[in-house]
Amino acid sequence: MCVKMFSCLLKGLVGLNLLDVSGNLFSAVPRHLPPSVQQLYLSNNSFSGLHEGSFEGFHNLKYLRLSHCGLQSEGIHPQAFNHSSLVELDLSYNQLTTIPTVPTTLQYLYLEANKIRGDVITH
Ligand SMILES: *[C@@H]1O[C@H](CO)[C@@H](O)[C@H](O)[C@H]1NC(C)=O
Ligand SMILES: *[C@@H]1O[C@H](CO)[C@@H](O)[C@H](O)[C@H]1NC(C)=O
């Protein structure tokens, strides 16, 4: 039965372009969103991790915001963000120690307020 699930409620919105669910209690990326979604705002939720298929099927996803989500590098699959449609990725205010793999076509990447170390030059 497809009644109360979040993704079921949105299923009929075939023209949905922007979905902002910032500041909620999501623990995983919602599944089966309308494929028309181009802007997905998930900031201020709490994700334990992101797997390879977390954004699978979002063929039009261009703007993805995941700031303040408690993300750690270990919990992010290397291919989680490697989707060619992405233009902007906001990963600020997380616990990242490394920079994740992103598509070469990405135009905006926000990584402020994480735990990434710069290169140390030794002589
Ligand atoms: C997320 O939470 C931070 C800290 O509480 C707040 O400054 C920020 O405005 C919030 N952002 C969103 C998109 O909800
Ligand atoms: C990212 O995806 C592209 C296209 O599918 C692929 O060619 C590339 O090897 C991937 N990058 C990494 C680091 O795996």
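In this chain, numbering begins with 1 at the start of the sequence shown.
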Plane angle bin for His83 and Phe55 - parallel if under 30°, tilted between 30 and 60°, otherwise perpendicular: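 Judged by the thresholds at 30° and 60°, the geometry between Phe55 and His83 is perpendicular.
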May I ask whether [X] and [Y] are part of the same hydrophobic cluster, defined by side-chain heavy atoms of I, L, V, M, F, W, Y residues being less than 4.5 angstrom apart, directly or through others?
X: Leu10; Y: Val29; result: yes
X: Tyr93; Y: Leu109; result: no
X: Val21; Y: Leu50; result: yes
X: Leu89; Y: Val87; result: no

What's the separation between atom [atom1] in [X] and atom [atom2] in [Y], rounded to the nearest 0.5 Å?
X: Ser84; Y: Leu106; atom1: OG; atom2: CG; value: 11.5 Å
X: Leu61; Y: Tyr63; atom1: CG; atom2: OH; value: 10.5 Å
X: Leu19; Y: Leu13; atom1: CG; atom2: CG; value: 9.0 Å
X: Ser36; Y: Leu18; atom1: OG; atom2: CG; value: 11.0 Å
X: Asn82; Y: Thr104; atom1: CG; atom2: OG1; value: 8.0 Å
X: Arg65; Y: Asn44; atom1: CZ; atom2: CG; value: 11.5 Å

Evaluation steps, side-chain contact (heavy atoms from CB on, under 4.5 Å), between Thr101 and Phe81: CA-CA 7 Å; Thr101 301; Phe81 302 119; over 6 Å; no
Side-chain H-bond candidate by donor/acceptor type, Ser67 with Ser43, under 3.5 Å: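 Their side chains do contain a donor-acceptor pair, which is all the 3.5 Å distance test asks for.
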With distance as the sole test, does [X] use its side chain to make a donor-acceptor pair with the main-chain N or O of [Y] at under 3.5 Å?
X: Asp90; Y: Leu66; result: no
X: Asn45; Y: Leu25; result: yes
X: Asp20; Y: Ser22; result: yes
X: Ser85; Y: Lys62; result: no
X: Asn114; Y: Ile99; result: no

Over 12 foreign heavy atoms within 6.0 Å of CD, Glu56: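 No.
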Within 6.0 Å of CZ in Phe58, more than 12 heavy atoms from elsewhere: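 Yes, CZ of Phe58 has more than 12 neighbouring heavy atoms, counting only those of other groups under 6.0 Å.
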Over all atoms of both residues, closest heavy-atom pair of Ala80 and His51: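 So the minimum-distance heavy-atom pair works out to CB-O, 3.7 Å.
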Contact summary for Thr98 and Ile116, nearest pair of heavy atoms: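 Between these two residues, the closest heavy atoms are N-CG1, 4.2 Å.
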Test item: Val14 and Pro34 side chains (from C-beta on) under 4.5 Å apart, heavy atoms: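 No. Closest side-chain heavy atoms not under 4.5 Å.
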side-chain contact (heavy atoms from CB on, under 4.5 Å) assessment of Leu86 paired with Val102: CA-CA 8 Å; Leu86 271 192; Val102 295; over 6 Å; no
